[in-house]
Amino acid sequence: MERPTKKQKLHEVDFGNMGPVVTFILGKSKTRVQMHKHVLSAYSPVFRAAFNNDLQEGETGIYRLEDVEPAVFGLFSRWIYRQTLVSDAGKTSSKDCSRTVQSLPRLWVFAEKFCIPQLQNDVIDLLRHCERVADSIPCNQIPWVYDNTSEESLLRCYLVEPVSRNLSSNEFKRTPQRYTKEFLLDMATFCTPSGLRKSLGSFNVAQFHVPVDVDEKEKDKTRAVSGSRPTAL
């Protein structure tokens, strides 16, 4: 299977020739999940390199993901094969949001690690949808996010905005362990008069998207022009 080109949309990849499978061993439970190597290679240059060389993963067809739980990988598998994170009906209910929203930040970090930018962007879009339809914000994932992302992370930037707008002071007092010092500093920056002026009436979820199908040099140019962080911060 050929990898998607810059002009080829992800959902146009040919699934006709599925080819051999590889095995992932997930999390503390050591759950085994099989997926098609060619499909993985089409969407992730990291998996393509891992399964097409003479190193351990390439020789054995086994990839260990000790820090990825089955629930997160299940969402990844759905996206790989169906190009969607939502149900077959194409809609995400309040119940669906409540069930999946806590896995979404971890899925975003997974997608960043394995260089799947379109999946990162779809995660951001679903986070926004869950906030709107169910008031679901994965606040208890904030410490983990800040431990596993860089200062310039667009996921950090995104989480600051809905928390700043929607949470009451009582929530911060009730569960202070959810809000790290770094997060509170980012939120304080967002809540300054200049930060609020930039954000009011101008929120666009696309500002939290990462570039798709551009090489690292082009990404660096984008970061240099945009200052790495969305204007809302």
Side-chain angles (χ1 to χ4, degrees), residues 4 9-13 24 26-27 33 35 39-40 42-44 47 65 67-150 152-167 178 183 186-187 190 199 202-213 229-230 232-233:
K9 295 181 180 180
L10 294 179
H11 61 74
E12 293 175 346
V13 173
F24 290 91
L26 308 174
V33 177
M35 296 182 70
V39 178
L40 290 162
Y43 292 104
S44 168
F47 287 138
L65 294 169
D67 57 346
V68 178
E69 294 303 318
V72 174
F73 198 83
L75 290 171
F76 167 64
S77 179
R78 171 187 286 179
W79 186 88
I80 280 288
Y81 286 108
R82 302 180 184 177
Q83 286 298 286
T84 182
L85 292 171
V86 301
S87 65
D88 291 336
K91 297 180 180 179
T92 304
S93 65
S94 297
K95 185 177 181 180
D96 291 332
C97 285
S98 299
R99 184 169 55 248
T100 63
V101 72
Q102 301 301 330
S103 296
L104 293 177
R106 294 179 183 247
L107 181 60
W108 190 97
V109 172
F110 174 92
E112 180 182 51
K113 180 178 179 179
F114 292 100
C115 301
I116 314 174
Q118 186 57 56
L119 176 54
Q120 290 176 267
N121 296 341
D122 287 353
V123 168
I124 291 294
D125 291 344
L126 186 53
L127 281 169
R128 185 64 169 176
H129 176 77
C130 288
E131 178 201 346
R132 287 177 170 176
V133 304
D135 293 327
S136 293
I137 304 171
C139 294
N140 62 351
Q141 295 298 317
I142 289 172
W144 186 91
V145 168
Y146 272 71
D147 283 342
N148 290 275
T149 58
S150 67
E152 295 80 17
S153 168
L154 289 172
L155 179 60
R156 289 191 184 190
C157 296
Y158 173 78
L159 289 173
V160 165
E161 196 271 345
V163 171
S164 300
R165 286 192 298 102
N166 295 318
L167 267 62
R178 293 179 175 179
F183 175 81
D186 284 342
M187 196 175 76
F190 176 84
S199 66
S202 63
F203 181 84
N204 182 355
V205 72
Q207 69 183 315
F208 303 101
H209 286 176
V210 298
V212 177
D213 289 332
R229 300 172 75 87
L233 293 181

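Here the CG atom belonging to Leu127 is positioned 11.0 Å from the CG atom belonging to Asp122, to the nearest 0.5 angstrom. Between Ile142 atom CD1 and Asp147 atom CG the span is 12.0 Å, to the nearest 0.5 Å. Here Thr100 contributes atom OG1 and Arg78 contributes atom CZ; the two are 8.0 Å apart, rounded to the nearest 0.5 Å.
Here the closest non-hydrogen pair linking Pro105 and Pro138 is CG-CG, 3.6 Å. The minimum heavy-atom distance between Gly27 and Glu69, with the atom names listed, is CA-OE2, 3.7 Å. Residues Cys97 and Val133 approach most closely at SG-CG2, 3.7 Å, considering heavy atoms. Across all non-hydrogen atoms, the minimal contact from Ile137 to Glu131 is CG1-CG, 4.3 Å. The two residues Phe73 and Leu65 come nearest to each other via the heavy atoms CE1-CD1, 3.7 Å. Closest approach of Leu154 and Gln207 over heavy atoms only: CD2-O, 4.0 Å.
Val68 places none of its side-chain heavy atoms less than 4.5 Å from the side chain of Arg106. Side-chain contact between Leu75 and Leu104 is present, with at least one heavy-atom pair separated by less than 4.5 Å. Counting heavy atoms from C-beta on, the side chains of Trp79 and Leu107 never come closer than 4.5 Å.
Taking the centre of each ring, Trp108 and Tyr158 stay at or above the 6.0 Å mark. With ring centers used as reference points, Phe47 lies under 6.0 Å from Phe24.
Looking at Asn140, its side chain never comes within 3.5 Å of a backbone N or O of Arg178 through a donor-acceptor pair. Judged by distance alone, the side chain of Ser44 and the main-chain N or O of Phe114 form a donor-acceptor pair under 3.5 Å. The backbone N or O of Met35 lies less than 3.5 Å from no partner atom in the side chain of Tyr81, so there is not a single donor-acceptor pair.
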